[in-house]
Amino acid sequence: MSSPIRVVVTGAAGQIAYSLLYQIAKGDVFGADQPVILHLLDIPPMMEVLGGVVMEIIDLALPLVTEIVPTADPTVAFKDVEAAFLVGAMPRQQGMERKDLLSANVKIFKVQGEALDKYAKKTVKVLVVGNPANTNALVCSRYAPSIPRENFTAMTRLDQNRGRAQIAERLKVNVGQVKNVIIWGNHSATQVPDANSATVDLGSGPVPVTGALKNDEWLKGEFITTVQKRGAAVIAARKMSSAVSAAKAAGDHMHDIWHGTAPGQFVSMGVLSDGSYGAPKDVVFSFPVTIENKEWKIVQGLQVADYHKPLLEATGKELLEEKAEAIEVCEH
Ligand code: NAI
């Protein structure tokens, strides 16, 4: 057994955390032999609810959890953490656009960036889930100058999982056979789901999804809009935003940061843009990445179809607008 690592989950009394904590506690994220000390942050009015969550974690009777630290104090929550899931934020409600959330939420991430800077380990890996996730990750890193900016990533893994699932359903194969679906850009309705580099294993090794599907019209149209609007469809049906699927995606994302990507596979995540594929620089843009030794690298040399190019431009433009609004909110 390794020595325990401190892991913080913010929004710990909320619905995503409710599923995420179980995955972390049973070893799905950091490994079956990695004990964890769970730091659970939420706001003061949620402390009673958080107490109930703590009782349930205790009742899981999972030996990897060596200690639980519930708190409303960021200085306690971020102390010496090696991994941070920043989930806590105001969730999008029915009819609400993500932009409406921006001003309310970026300030939370400014404060948490400052707390990470002061109290977390300098090697901390920070995954931002709370929306607008890409811009929140950017804001958080700007206010944590002593932590490498590459350590801050934003979640588009749920979109990637949705894309894989749509393709598997269409091809009538198991979702495990579909790999390398890309999400470009922002985790918003402008995101660009792209299956042109994706593969499917039909029994004799991976082949391109495009060839197996033979349905470019679907890939250009319905596939993209279904994935883009899936979050809104779940809200319309459940009257609450995606929770168990979001938690699973957050676990997948941090798992891959911790353990690396499998040979020949890449995953999508919002990372600090270096301008690859014509994306604007210095925004958190979702790219296909490979991960080794807890460091990500943008996959280079993939073909971007002509019909995707204006979409990539539009999602990049939205991120620049969000960044400008966020800076305005944070600096005034
Ligand atoms: P929820 O409302 O059930 O839980 C949010 C929790 O955060 C609440 O307990 C709230 O008290 C807490 N919170 C609010 N401000 C906080 C602060 N300053 N510090 C600590 N905790 C704070 O919401 P849910 O469903 O768990 O969603 C959380 C976030 O994740 C939302 O912003 C949602 O839009 C986002 N989300 C992102 C996805 C992605 O793919 N990136 C997918 C699904 C949801």
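Since the structure is predicted, the reported quantities are computational estimates derived from the model, not experimental observations. Just so you know, ligand 1 is whichever comes first in the structure, and atom 1 is the first atom listed for that ligand.
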Proximal candidate to atom 19 (N) of ligand 1 [heavy atom criterion; set Gln112, Gln15, Met47]: Gln112
Could you go through residues 50-66 and list every donor-acceptor pair under 3.5 Å that involves a side-chain atom there, pairing it with any protein atom two or more places apart or in another chain?
from  : atom 1 : to    : atom 2 : distance (Å)
Glu56 : OE1    : Tyr18 : OH     : 3.3
Glu56 : OE2    : Tyr18 : OH     : 2.6
Thr66 : OG1    : Val36 : O      : 3.4

Within-cut-off N or O pair, Ser242 and ligand 1, under 3.5 Å: no
Under-4.0 Å heavy-atom contact with ligand 1, by part of Met155 that carries it: both
N or O pair under 3.5 Å between Ile16 and ligand 1: yes
Under-4.0 Å heavy-atom contact with ligand 1, by part of Met90 that carries it: backbone
Glu321/Lys317 salt bridge by N-O under 4.0 Å criterion: yes
Could you tabulate the donor-acceptor pairs under 3.5 Å formed by side-chain atoms of residues 21-32, not counting sequence neighbours?
from  : atom 1 : to     : atom 2 : distance (Å)
Gln23 : NE2    : Ala247 : O      : 3.1
Lys26 : NZ     : Asp28  : OD2    : 2.5

Considering all heavy atoms, the nearest Leu116-Cys140 contact: CD1-SG, 3.9 Å
Side chain, backbone, both or neither: the part of Met46 lying under 4.0 Å from ligand 1 by heavy atom: side chain
Closest to atom 36 (N) of ligand 1 among Asn131, Val49, Thr10, Asn136 (heavy-atom distance): Asn131
Atom pair OG (Ser103) and CD (Glu325), whose distance is rounded to the nearest 0.5 Å: 7.0 Å
Ligand 1 contact by Ser241, heavy-atom criterion under 4.0 angstrom: yes
Location of contacts on Val87 toward ligand 1, heavy atoms closer than 4.0 Å: both
Distance under 6.0 Å and angle within 45° of ring axis: Lys125 vs Trp258: no
Gap separating the OG1 atom of Thr315 from the CZ atom of Phe285, nearest 0.5 angstrom: 6.0 Å
Contacting atoms of ligand 1, where contact means under 4.0 angstrom from a heavy atom of Ala246: 42 (C), 43 (C)
Min N/O separation Gly88 to ligand 1 under 3.5 Å: no
Lys79 to Tyr119, cation-pi by 6.0 Å centre distance and 45° axis angle: no
Ile108 contact mode with ligand 1 (heavy-atom cut-off under 4.0 Å): side chain
Shortest non-hydrogen separation from Ala115 to Pro74 and the atoms involved: CB-CB, 4.1 Å
Nearest neighbour of atom 39 (C) of ligand 1 from the list Arg162, His253, His187, on a heavy-atom basis: His187
